[in-house]
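Inspection log for the structure reproduced underneath, given as structure tokens.
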Amino acid sequence: MPKRAKKNEEAVEGETGNGAEPAKKEKKGKEPEAPILYEDPPDKMTSKDGRASNMKITSWNVDGLRAWVRKNGLDWVRKEDPDVLCLQETKCAEKALPSEITDMPEYPHKYWAGSEDKEGYSGVAMLCKTEPLSVTYGIGKEEHDKEGRVITAEFPSFFLVTAYVPNASRGLVRLDYRKTWDVDFRAYLSGLDQRKLLVLCGDLNVAHQEIDLKNPKGNRKNAGFTPEEREGFTKLLEAGFTDSFRELYPEQANAYTFWTYMMNARAKNVGWRLDYFLLSSALLPGLCDSKIRNTAMGSDHCPITLYLAV
């Protein structure tokens with residue numbers, strides 16, 4: 001079956017090709033402009049306060065776990081070698097997980113969440129080298145938790161939450177639901193933050209500012225860049241969390257984590273930054289680096305990696 005613009009779950013992160021507006025015809029004799037690509041700089045392994053990174057976390061929306069495994073996604077994971085691997089949009093029931101990942105000796109502690117109602121929909125996973133103190137699923141509200149979108153692991157010095165935030169969908173048919181989700185999810189995160197410092201990672205399904213997508217003007221009424229979704233993200237930051245990438249690279253343009261499969265968008269770097277590491281503000285002194293691994297293939301998203309001194 002041909003691949004749709006964006007996932008059988010939620011067609012769009014921007015209906016016009018997820019930020020890729022139809023290209024204007026070039027004038028005769030004029031060469032097309034070369035795409036502006038993002039080059040991931042060398043990893044910074046030391047925090048501002050001089051501590052060495054001792055925690056490496058990778059997050060990746062794999063757009064279907066089984067297909068991603070067949071595309072050799074695990075080879076990249078083994079090279080990256082994070083302490084914790086968080087996956088979103090696994091679209092795979094636990095009983096159908098491929099043995100290549102369930103048997104990985106590098107990550108003896110593996111946790112899975114999937115949709116209760118629709119097989120092959122949504123889903124998140126967390127694979128850990130070290131066993132967390134505790135692991136929970138969902139955010140404590142049935143209307144959200146039945147879709148398998150959140151796993152929370154407690155480590156000695158912080159909570160790690162991985163999330164696949166619901167998309168407002170084509171025609172914004174789920175925008176009202178998304179607004180409800182944003183309020184409830186923010187309350188959940190704030191509750192955790194009062195107990196222990198927090199790292200949130202995953203596909204948050206919003207490009208926060210114009211710098212976070214290639215074509216902001218053409219996508220103001222599209223899922224992922226509506227004022228309502230952007231305001232929801234702003235309120236999350238106002239609740240005491242920091243976008244780690246923008247903290248380190250405030251003016252960096254053309255840094256994206258998602259490209260539609262259509263219109264050769266990835267080669268042209270017509271993309272969106274939808275995947276994030278957000279940190280409790282008190283963790284910022286230990287922030288070493290926040291990476292966008294945009295050369296890693298296997299999904300319509302690329303992985304992101306956080307280096308932290310905890």
Output, in order, the C-alpha distance, side-chain angles, deciding distance and verdict of side chain to side chain contact (heavy atoms under 4.5 Å, CB included) for W112 and L97. CA-CA 10 Å; W112 315 92; L97 291 167; 3.4 Å; yes
Step-by-step salt bridge (Lys or Arg N to Asp or Glu O under 4.0 Å) determination, K196 to E154: CA-CA 9 Å; K196 189 178 280 191; E154 181 180 3; 2.8 Å; yes
Residue pair V310, F158: steps toward the side chain to side chain contact (heavy atoms under 4.5 Å, CB included) verdict: CA-CA 8 Å; V310 293; F158 67 98; 4.2 Å; yes
Intermediate values then yes/no, side chain to side chain contact (heavy atoms under 4.5 Å, CB included), V183 and K179: CA-CA 7 Å; V183 171; K179 289 158 64 177; over 6 Å; no
Apply side chain to side chain contact (heavy atoms under 4.5 Å, CB included) to residues L160 and F155 and explain how you reach the verdict. CA-CA 7 Å; L160 174 60; F155 292 95; 4.0 Å; yes
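Side chains of I139 and F185 form a contact here, defined as non-hydrogen atoms less than 4.5 Å apart. Residues R246 and Q252 form a side-chain contact, since some pair of their non-hydrogen atoms from C-beta on lies under 4.5 Å apart. Within the 4.5 Å cutoff, the side chain of D43 has heavy atoms near those of the K291 side chain. Under the 4.5 Å side-chain criterion, counting only non-hydrogen atoms from C-beta, C128 is in contact with Y111. Between N294 and T257 there is no side-chain heavy-atom pair separated by less than 4.5 Å. Within the 4.5 Å cutoff, side-chain heavy atoms of L248 are placed close to those of D289. Counting only heavy atoms from C-beta outward, the side chains of L278 and L204 approach each other to under 4.5 Å. Counting heavy atoms from C-beta on, the side chains of R230 and V206 come closer than 4.5 Å.
In this structure, K141 places its NZ atom where only 12 or fewer heavy-atom neighbours from other residues, nucleotides or ligands lie under 6.0 Å away. The 12-atom threshold is not exceeded at CD1 of I36, counting heavy atoms of other residues, nucleotides or ligands nearer than 6.0 Å. When the shell of 6.0 Å around CD of E142 is examined, it contains more than 12 heavy atoms from other residues, nucleotides or ligands.
Rounding to the nearest 0.5 Å gives a distance of 10.5 Å between OG1 of T102 and CE of M104. Within the model, atoms CG of D145 and CD of E143 stand 9.0 Å from one another, a figure rounded to the nearest 0.5 Å. The structure places CG of D275 at 8.5 Å from CD1 of I292, a figure rounded to the nearest 0.5 Å. Rounded to the nearest 0.5 angstrom, I151 CD1 and T136 OG1 are separated by 9.0 Å. How far CG of L65 is from CD of E100: 9.5 Å, rounded to the nearest 0.5 Å. To the nearest 0.5 Å, atom SG of residue C201 and atom CG of residue L306 are 8.5 Å apart.
Side-chain atoms of T226 and E229 include a donor-acceptor pair closer than 3.5 Å. In summary, the side chains of Y276 and S290 do not present any donor paired with an acceptor at a separation below 3.5 Å, with no hydrogens or angles considered. At a cut-off of 3.5 Å, with distance as the only test, no side-chain donor of D243 or Y249 sits close to an acceptor on the other residue. Of the N and O atoms on the side chains of H109 and T130, not one donor lies less than 3.5 Å from an acceptor on the other residue. With 3.5 Å as the limit, one finds no donor-acceptor pair spanning the side chains of E89 and S122. For the residue pair S115 / E147, no side-chain donor-acceptor distance below 3.5 Å is found, with atom types taken as modelled.
We find that D40 and R293 are joined by a salt bridge, their nearest charged nitrogen and carboxylate oxygen being less than 4.0 Å apart. Between R186 and D182 there is no salt bridge, since no side-chain N of the basic residue sits under 4.0 Å from a carboxylate O of the acidic one. Ion pairing between E106 and R78 holds under the 4.0 Å rule for side-chain N and carboxylate O. A salt bridge links K91 with D63: the closest approach of a Lys/Arg side-chain nitrogen to an acidic carboxylate oxygen falls below 4.0 angstrom.
Here the side chain of K56 pairs a donor or acceptor atom with the backbone of E80 at under 3.5 angstrom. Judged by distance alone, the side chain of S299 and the main-chain N or O of H301 form a donor-acceptor pair under 3.5 Å. With hydrogens and angles ignored, the 3.5 Å screen pairs a side-chain donor or acceptor of T260 with a backbone N or O of M262. Checking side-chain atoms of N269 against main-chain N and O of N254 turns up a donor-acceptor pair under 3.5 Å.
Counting all heavy atoms, side chain and backbone alike, A153 lies closest to M126 at CB-SD, 3.4 Å. Of all heavy-atom pairs spanning C86 and I57, the tightest one is SG-CG2, 4.4 Å. Across all non-hydrogen atoms, the minimal contact from E210 to P216 is CG-CB, 3.7 Å. L189 and F241 make their closest contact through O-CZ, 3.8 Å (heavy atoms, listed as atom of the first residue, atom of the second, distance). Counting all heavy atoms, side chain and backbone alike, C288 lies closest to S47 at SG-N, 3.4 Å. Across P82 and T58, no two heavy atoms sit closer than the pair CB-OG1, 3.4 Å.
Under the 4.5 Å side-chain heavy-atom criterion for ILVMFWY residues, a single connected hydrophobic cluster contains both Y137 and V84. Under a hydrophobic-cluster definition in which Ile, Leu, Val, Met, Phe, Trp and Tyr are linked whenever side-chain heavy atoms come within less than 4.5 Å, directly or via other members, Y307 and W60 are assigned to different clusters. Linking ILVMFWY side-chain heavy atoms closer than 4.5 Å, directly or via other members, places L213 and L37 in two distinct hydrophobic clusters. Under the 4.5 Å side-chain heavy-atom criterion for grouping Ile, Leu, Val, Met, Phe, Trp and Tyr, M297 is not connected to W68 through any hydrophobic cluster. Taken together through direct or relayed side-chain contacts under 4.5 Å among Ile, Leu, Val, Met, Phe, Trp and Tyr, V150 and F233 form part of one hydrophobic cluster.
Looking at T90, D300, D203 one by one, the single match for side-chain hydrogen bond (donor to acceptor under 3.5 Å, both in side chains) with N61 turns out to be D203. Checking each of W181, Y188, Y177 against H144 for a side-chain hydrogen bond (donor to acceptor under 3.5 Å, both in side chains) leaves exactly one that passes, namely Y177.
Remark: R220 is not positioned above the aromatic ring of F225, lacking an NZ or CZ atom under 6.0 angstrom from the ring centre and at most 45 degrees off the axis. Remark: R273 fails to qualify as a cation-pi partner of Y256 under the 6.0 Å distance and 45° angle criteria applied to the six-membered ring.
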